[in-house]
Amino acid sequence: MWESVKEFASEFFVTGDPLIYGADVSIVLSMIAIVSVLTYFKKWGWLWREWLTTVDHKKIGIMYILASVLMLFRGGVDALLMRAQLVMPEMQFLSGDHYNQIFTTHGVIMILFMAMPLMFGLFNVIVPLQLGARDVAFPFLNSLSFWLFFSGAMLFNLSFVIGGSPDAGWLAYPPYSELAFNPGPGQDFYIWGIQISGIGSLMTGINFIVTILKVRAPGMTLMKMPMFSWSVLSSCIAIVFAFPILTVTLALLFIDRYLGGHFFTLDGGGNPMMYINLIWMWGHPEVYIIVLPAFGIFSEIVATFSRKKLFGYKSMVFAMIIISVLSFLVWAHHFFTMGSGADVNAFFAVTTMLIAIPTGVKVFNWLFTMFRGKITFETPMLWTVGIIPNFVIGGMTGVLLSVAPADFQYHNSYFLVAHFHQVIIAGVVFGFFAGLYYWWPKIFGFKLNERIGRWAFWLWNIGFYLCFMPQYALGLMGMTRRLYSYGWDKGWFEMNLVSTIGAVIMGAAFLVQIWDIAHSLKHMKKDTTGDPWDARTLEWSIPSPAPFYNFAVMPQVTSQDDWHERKLRIEQGLEKPEKVELEPIHMPKNSGIPIVMSMFWFFVGFGLIFDWLWMAVPGFIGVIACMVVHSFNYDTDYYVTVEEIKRTEAAAGRVIT
Amino acid sequence: MKTSKTVRCMSFLFMFILLFLTTGCADNYIVLDPKGPIGEQQKDLMILSTLLTLIVIVPVLILTFVIVWRYRDREGRKAKYTPNWEHSTKLEIIWWGIPIIIITLIGIVTVRYTYFLEPSKPLESEKKPITIQVTNLDWKWLFQYPEQGIATVNYVQFPEDVPVRFEVTSDAPMNSFWIPQLGGQIYAMSGMSMTLYLQADEQGEYMGSGANFTGKEFAKMFFTANATSQEDFDQWVNQVKNTSPELTLDGYKELTKQGTSDVRHFSAFPEGLYEMTVTKYAASHNHGLSTRVQPPARVKE
Amino acid sequence: MANVNAGHHDHHPDQEELRTFAFWIYLMTDVILFATLFATYIVLQGSTDGGPGPKDLFQMSGIYASTFILLTSSFTSGLAILAMNKGNRLALMNWLGVTVFLGASFLFLEINEFMHLVSEGATISTSAFWTAFYTLVGTHGLHVALGLGWMIILIMQIAKRGITPVTKRKVNIISLFWHFLDVVWIFVFTIVYVMGVN
């Protein structure tokens with residue numbers, strides 16, 4: 001009996017690596033710490049009522065952001081481990097197997113469990129506020145989206161200590177990801193982790209399309225909508241078209257692995273190339289899904305800190321829509337070297353280059369928003385200004401890669417690695433950072449320390465250039481990606497060393513940011529104005545942090561930068577604060593179903609990964625039961641009374657007569 | 001002052017980058033130091049496209065710097081401030097127009113080169129091309145010389161100035177066959193035989209690698225591509241024929257097992273081994289470029 | 001705080017209209033899902049790996065029957081909507097019941113067909129063709145099964161609450177879903193079965 005328990009445990013848990021034992025211990029310790037703190041302070045009820053069951057878009061947004069910062073930490077540690085292994089030739093720090101797992105989890109976590117939730121976090125907190133809405137269109141669904149993402153992310157991360165991590169790269173190309181070459185549960189963790197959170201992303205996409213198209217404040221026509229909301233709309237449209245393809249692709253891979261199917265296997269007539277096509281039909285739009293909102297953030301920030309109207313609004317909107325359409329027509333540029341023939345390659349090369357045009361236009365529009373403005377350099381603007389040269393260079397190398405015949409030399413090399421990190425870090429991550437610094441006071445009610453923030457900015461940027469510029473060079477030296485080791489004879493040592501130094505600086509920059517948050521929490525300077533940057537859009541017209549019903553009175557929108565215009569009118573005495581009639585506000589009720597249902601999904605995933613039907617089947621029944629219970633529940637909303645609104649507004653320093 | 005500090009830091013940053021891009025010996029940049037016609041043209045194309053993109057990129061970078069510098073908010077500033085200026089058809093036409101022109105240029109160049117540098121297109125040469133069949137195994141490369149009747153592992157030799165017709169397949173997860181100094185890579189896929197023409201104009205030993213991740217010891221898939229004179233090549237073939245063991249079917253099966261390998265030579269290989277490897281998986285693929293080897297009957301292992 | 005079901009006296013948009021709109025977007029994602037499955041099926045159509053193909057095993061008589069049944073069920077779900085719009089609760093429930101019955105018969109025939117195929121030696125792991133076949137047709141079947149469960153739940157809700165704006169929207173959505181599955185089946189029927197045996 002004992003023997004079989006031991007045997008099971010040694011297969012079930014990942015063993016034999018001090019790193020992983022360390023992780024085991026720290027996970028158990030932090031779990032114990034969290035549980036005891038919550039119990040000691042009797043906070044379980046609070047946690048359940050205020051957070052776990054909340055349908056408030058702002059709280060859900062904060063949870064997304066928290067989770068993504070955690071994941072940024074995990075993915076960042078992965079990155080540092082990789083850079084440590086590559087710091088010099090013939091390093092013995094990580095084995096090949098271990099290295100392969102780490103670059104796989106690094107990629108998956110950074111794209112799907114860091115960038116996506118950080119983006120969704122900003123969507124959630126900001127979009128309804130910008131639109132002058134009380135919440136998203138479907139608050140319950142929104143909460144379900146978050147918890148599905150969270151279950152998926154936890155499931156994926158669990159593979160580190162249980163069963164073993166996936167090791168087939170972030171897109172898991174078959175046949176290597178098939179059972180024949182990859183028998184362990186790691187690949188199934190990959191499938192279910194992404195599948196469960198992917199369903200959540202799809203629902204978020206639908207939710208925000210409906211919110212943006214249907215739940216805007218009166219008077220806000222589409223062409224008066226803030227640019228960030230436009231970017232969210234174009235991103236969500238891409239989500240709705242791309243994510244079903246991901247769902248299918250992962251399902252097919254799972255059918256191959258679990259039911260012995262032959263979609264992508266080498267034998268039985270399978271076609272691995274089909275997977276590569278399918279996964280990039282999702283994968284390429286995916287990178288535009290995450291970068292479009294960053295474009296929106298830049299647009300907001302540039303206008304605010306140049307104290308000037310956004311230049312070329314219409315052409316910005318147009319450019320974003322073109323980008324989101326074109327992003328579906330370029331997928332084959334990820335495998336020019338697969339021998340699809342000159343016709344196919346030429347077509348995809350040209351469509352890829354076309355994307356550079358609207359992207360370039362956006363850069364010009366940002367520049368000319370600053371032109372004849374009054375630019376100040378608070379942290380959000382500092383990030384935005386820093387991003388422009390960075391993103392321009394990343395875009396340029398993108399065009400170089402799209403030159404199909406030349407791509408035969410760049411493909412799979414560190415040149416490519418440097419390119420996509422430049423657009424994803426400098427475009428997406430820095431963009432979201434800019435957004436976080438910008439909206440931080442609105443989300444949390446206090447500003448971050450500017451001085452520490454500047455330190456973080458410079459460290460991130462210097463670290464970034466040091467880390468990735470040498471990687472372009474390494475690519476031209478013929479260094480291919482995903483190598484866990486290389487020889488002294490290759491001449492790659494110096495550049496790798498510099499690159500690792502850069503990575504360490506970025507790691508330090510992350511710590512500085514955490515310190516910034518801790519410092520600002522301690523010396524908290526409450527934002528009493530609700531509008532600390534003297535900004536232009538509706539979210540700044542209400543107190544910080546926003547009351548749970550957002551707007552005590554529905555704003556009546558008349559122009560593009562409505563809040564800015566209103567401030568001007570008040571300043572010139574053209575508009576006097578009117579006496580307002582408060583009305584009871586219609587709000588959704590909290591619900592425990594999303595978190596419970598997501599837990600059941602977790603069991604479904606976990607059960608199928610280990611082929612434990614005794615766990616998967618009840619899990620699935622639980623999922624169905626949750627749906628049924630929700631369907632029978634007609635008591636989902638309530639009205640906030642006028643007295644409560646008055647009380648809440650008064651507590652935020654706004655007296656309503 | 002705040003802003004001047006910003007600028008100082010910025011300029012330091014760029015100096016850093018320049019410094020690091022110029023250090024390291026120039027001859028390490030093997031992609032930019034091609035030794036064959038394909039690599040040469042790809043290099044030209046890389047440089048041409050870089051220059052074309054720089055036409056936009058450099059002014060944008062300068063413009064960014066100038067605008068940020070000139071319109072920063074400070075006391076006693078003389079630069080104009082127009083808070084409501086938000087549209088100019090003329091300007092917008094310019095920056096829709098310029099990228100369109102540049103991209104059209106790059107597009108035209110790209111399309112022409114795409115057809116011109118199509119990897120399966122034979123190279124123009126008076127000499128008859130030599131065929132080398134490449135098989136990707138876990139984690140080693142097998143080279144077969146159907147004309148000479150020899151085979152090697154992780155080492156390939158061919159005469160200079162003679163077009164080499166590489167036929168590439170895989171008996172393992174997908175890899176990519178790449179000799180940077182001779183020219184771009186091609187995927188090695190099961191059930192398909194991809195054709196890649198390369199040629200070395202100079203004698204020398206060139207690094208070759210597997211560029212697409214295939215698992216645990218993927219990092220050990222480097223090989224040497226040695227371009228020698230025709231005489232040396234003939235001599236080498238004779239030497240391999242006379243001194244090396246034969247590759248048997250069992251020996252091949254042994255090779256396909258997962259593991260790394262040193263350089264090995266074989267004086268002979270089983271007849272039709274390469275074709276067998278390809279047809280083993282080629283049940284149904286329908287693929288533009290692969291030279292389909294029609295199976296006489298399905299070979300099942 | 002007071003509980004309210006209907007009665008909108010603020011600027012909150014009509015929740016039922018939003019839901020219907022969202023369902024249309026969901027249907028679009030389902031279209032993409034099926035399009036992807038059809039694409040993989042078409043790519044793998046010839047990949048029988050030397051094993052049996054569609055011509056060898058498809059029995060068209062059963063397929064004609066199930067096609068007829070599903071089309072009829074689409075019609076009866078339309079009748080349910082008509083009954084609902086007339087405010088006839090009993091007829092609505094009856095027509096939904098008939099739709100459920102027809103849908104269940106369709107599923108029964110499909111499961112029968114699958115069992116027959118398996119007994120002939122064509123399982124999901126026989127070849128890429130059969131993997132693609134079972135996945136595509138099975139996914140449609142799964143949708144039908146889901147729709148059935150949903151309809152049963154709805155009948156219970158109508159029995160309990162009658163025809164309200166909420167139940168009305170729910171019936172409209174399920175009938176939309178049902179018509180959609182019908183359209184998908186027409187593609188399955190044409191591309192998989194008719195083109196398979198010809």
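- Proximity to chain C involves both the backbone and the side chain of A:I245, based on heavy atoms less than 4.5 angstrom apart.
- When only modelled atom types and interatomic distance are considered, C:T99 and C:S73 share no side-chain donor-acceptor pair under 3.5 Å.
- Only the backbone of C:T126 has a heavy atom closer than 4.5 Å to any heavy atom of chain A.
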For a ring pair (Phe, Tyr, Trp, His ring centres under 6.0 Å) check, start with the C-alpha distance between C:H140 and C:F106, then their side-chain angles and the critical distance, and finish with the verdict. CA-CA 11 Å; C:H140 177 265; C:F106 171 84; 5.7 Å; yes
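- For C:M195, the side-chain contact (heavy atoms from CB on, under 4.5 Å) partners at least two apart in sequence or on another chain are C:I191.
- Relative ring orientation between A:W282 and A:F243 is described as perpendicular, the plane-to-plane angle rising above 60° on a 0-90° scale split at 30° and 60°.
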Please list every donor-acceptor pair under 3.5 Å in which a side-chain atom of residues 79-94 of chain C meets a protein atom from a residue at least two apart or in another chain.
{"unit_1": "C:N88", "atom_1": "OD1", "unit_2": "C:L90", "atom_2": "N", "d": "3.4"}
{"unit_1": "C:N88", "atom_1": "OD1", "unit_2": "C:A91", "atom_2": "N", "d": "3.2"}
{"unit_1": "C:R89", "atom_1": "NE", "unit_2": "C:I158", "atom_2": "O", "d": "3.4"}
{"unit_1": "C:R89", "atom_1": "NH2", "unit_2": "C:A159", "atom_2": "O", "d": "2.6"}
{"unit_1": "C:N94", "atom_1": "ND2", "unit_2": "C:L90", "atom_2": "O", "d": "3.4"}

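- The greatest number of non-hydrogen atom pairs below 4.5 Å with chain C, out of A:G261, A:S631, A:A251, A:A133, is found for A:S631.
- Salt bridge absent: C:K168 and C:E16 never bring a charged side-chain N and a carboxylate O closer than 4.0 Å.
- Residue A:V210 touches chain C through both its backbone and its side chain, counting heavy-atom pairs closer than 4.5 Å.
- Counting heavy-atom pairs under 4.5 Å between each of C:A35, C:G149, C:A132 and chain A puts C:A132 at the top.
- Among the candidates C:T123, C:T164, C:I124, C:D30, the residue making the largest number of heavy-atom pairs closer than 4.5 Å to chain A is C:I124.
- Between the side chains of A:S229 and A:Q130, at least one donor N or O sits under 3.5 Å from an acceptor N or O.
- Per-residue counts of heavy-atom pairs under 4.5 Å with chain A were compared for C:K160, C:R19, C:M28; the largest is that of C:R19.
- Looking at A:L141, there are no atoms closer than 4.5 Å to chain C (heavy atoms on both sides), in backbone or side chain.
- In terms of heavy-atom pairs under 4.5 angstrom with chain C, the leader among A:V240, A:L278, A:V628 is A:V240.
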